[in-house]
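The structure under discussion appears below in the form of structure tokens.
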Amino acid sequence: MDVESDRVIDARGSYCPGPLMELIKAIKEEDVGRVIEVWSSDESSAKDIPEWVKKAGHELIGVFKESDYWRIVVRKTK
Amino acid sequence: MKRIVILGGGVAGTLTANYLIPKIGDEIRDRKVEVTLITDRPYQIYEPGYLYLIFNRLGEDELRRDIRELLDPSVRLVVDRAVRIDTENQKIICEKETHDYDYLVIATGARITPEDIPGLKEAGHWFYDLEGSKRLRSALANFKGGKIVISVIGVPHKCPVAPIEVAFILHDFLKRRGVRDKSQVVYTYPTNKIFIMDPVTEMIQPMFDERGIEYRTFFNPIEINAKEKKIITLEGEEEDFDLLVAIPPHRGAQVITDSGLGDKGGWVPTDRYTLKADGYDNVYALGDATNLPVSKAGSVAHFQAEVVAENLAAEIKGIEPTAMFNGKAFCFIETGWEEATYIWFDYFTPPQPVVPSKFVHFVKIAYNKAYWLTARGLL
């Protein structure tokens, strides 16, 4: 991956409020164009986060599987 | 003499003080240590009680206790508003006085910021502070039918399960008042499920369906059109309402932001196991004030207070502090007027709700009274 993230959210081990909610908080806080990366050890995040990104109209740069967690990289587009 | 200052008089601050004192009795008696608790109000409110106050099941006086009554007599109580924490010089600057510390415990909690969503203050109701709860109580008592939207706007917010509970209790309340068939109840949630934790969602979603409680997901309000009574979302959708029960946005305390100790939301970056504020060896943070990905709930503050008290006592006695917080949380979930379940979970264990029952509900009702024993460090 050659995109550098502006903000990394380490939500590994989180059940509540959860990695997606952490991302939504970050999307509200960050400026348009910023790249946000969420780390989650919860497999469902790898599916749920891209689904929300699509509905909300942001850009999914990628979902990357690491040893025991996922990195989901998103660019805020609006 | 070592000075321990606890900033905050909610569950986290009060319990830390009350758990700490018995562990350092000798040092307190020999005047080697002084424990001071600073709070901006002389009373504590049992905030989970708002869920009952709005349906007129608990009164204001039952939710409030004088903080001096709750604290161990050895704790020096200061009622003053902290305006800045000076970590370099180890001082808390309050409106009336300045206090020095050797160890600091940040227990400054969370506050609601409905002003962050344009139109929310004008058109919304909530049950996250006393004034809002009293206003909602009146709105519910006068509700004659129409569309009620329960909308989770704040991320994160206190008591993650409260929006589910209010939906269930509201359904039964409307039935008891004879207006359920003239009412539409809609619940909205920011994620693609009606709750963040799958085992809870799997249990409650069919219960919402059975009761005709509608839901919208991936729903993140950014504005309320107060004139037209409409919610507008980040995803580009709209939802109208007659009565909006919002879970407003939350932020950390103003003093945290003003002291440069918080992240963008005003939450204190904190080690998830040791509960030390990142970058400070003599500052702990716990309860709603932290940035930890755990529930902002009284039970979490309670379990964290045990850890902070144990580690502070160890430091005072010159022992290595080894207590660690494992993410433990316990929540009752009311699923009706007289029915409830509960969940517990931690960093390593997902929640597993039990079948709802009257028994669990009555345990919760009993705990609403017994909390004052917890606050005193007895339960």
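All chains are named by letter (A, B, ...) in the order of the sequence lines, taking the proteins before the strands, and each is independently numbered beginning at 1.
Considering all non-hydrogen atoms of both residues, B/Phe218 and A/Leu20 come closest at CE2-CD2, 3.8 Å.
With respect to A/Lys25, the side chain to side chain contact (heavy atoms under 4.5 Å, CB included) criterion is satisfied by exactly one of B/Pro190, B/Pro249, B/Pro156: B/Pro156. Of the listed residues (B/Thr217, B/Asn192, B/Thr191), just one forms a side chain to side chain contact (heavy atoms under 4.5 Å, CB included) with A/Glu51, and that residue is B/Asn192.
For CZ of B/Phe330, the number of neighbouring non-hydrogen atoms (other residues, nucleotides, ligands) closer than 6.0 Å is greater than 12. Residue B/Lys121 places its NZ atom among 12 or fewer non-hydrogen atoms of other residues, nucleotides or ligands, all under 6.0 Å distant. For A/Glu29, the CD atom counts as densely surrounded, since its 6.0 Å shell holds more than 12 non-hydrogen atoms of other residues, nucleotides or ligands.
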- [ ] Before giving the answer on side-chain contact (heavy atoms from CB on, under 4.5 Å), spell out for A/Lys55 and B/Phe219 the whole-Å C-alpha distance, their side-chain angles and the decisive distance to 0.1 Å.
- [x] CA-CA 10 Å; A/Lys55 178 171 177 184; B/Phe219 190 98; 5.9 Å; no
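Ionic pairing of B/Glu235 and A/Lys54 is not present here: no N-O contact between side-chain nitrogen and carboxylate oxygen is shorter than 4.0 angstrom.
For B/Lys193, the part lying under 4.5 angstrom from a heavy atom of chain A is the side chain only. With a 4.5 Å cut-off on non-hydrogen atoms, B/Thr233 does not touch chain A at all. If you measure heavy-atom distances from B/Asn220 to chain A, the contacts under 4.5 Å come from the side chain alone.
Contact of the B/Leu234 side chain with the A/Trp52 side chain is registered, since non-hydrogen atoms from C-beta on lie closer than 4.5 Å.
Residues from residues 257-269 of chain B that place a non-hydrogen atom less than 4.5 Å from a non-hydrogen atom of chain A comprise B/Lys264, B/Gly265, B/Trp267, given in numerical order.
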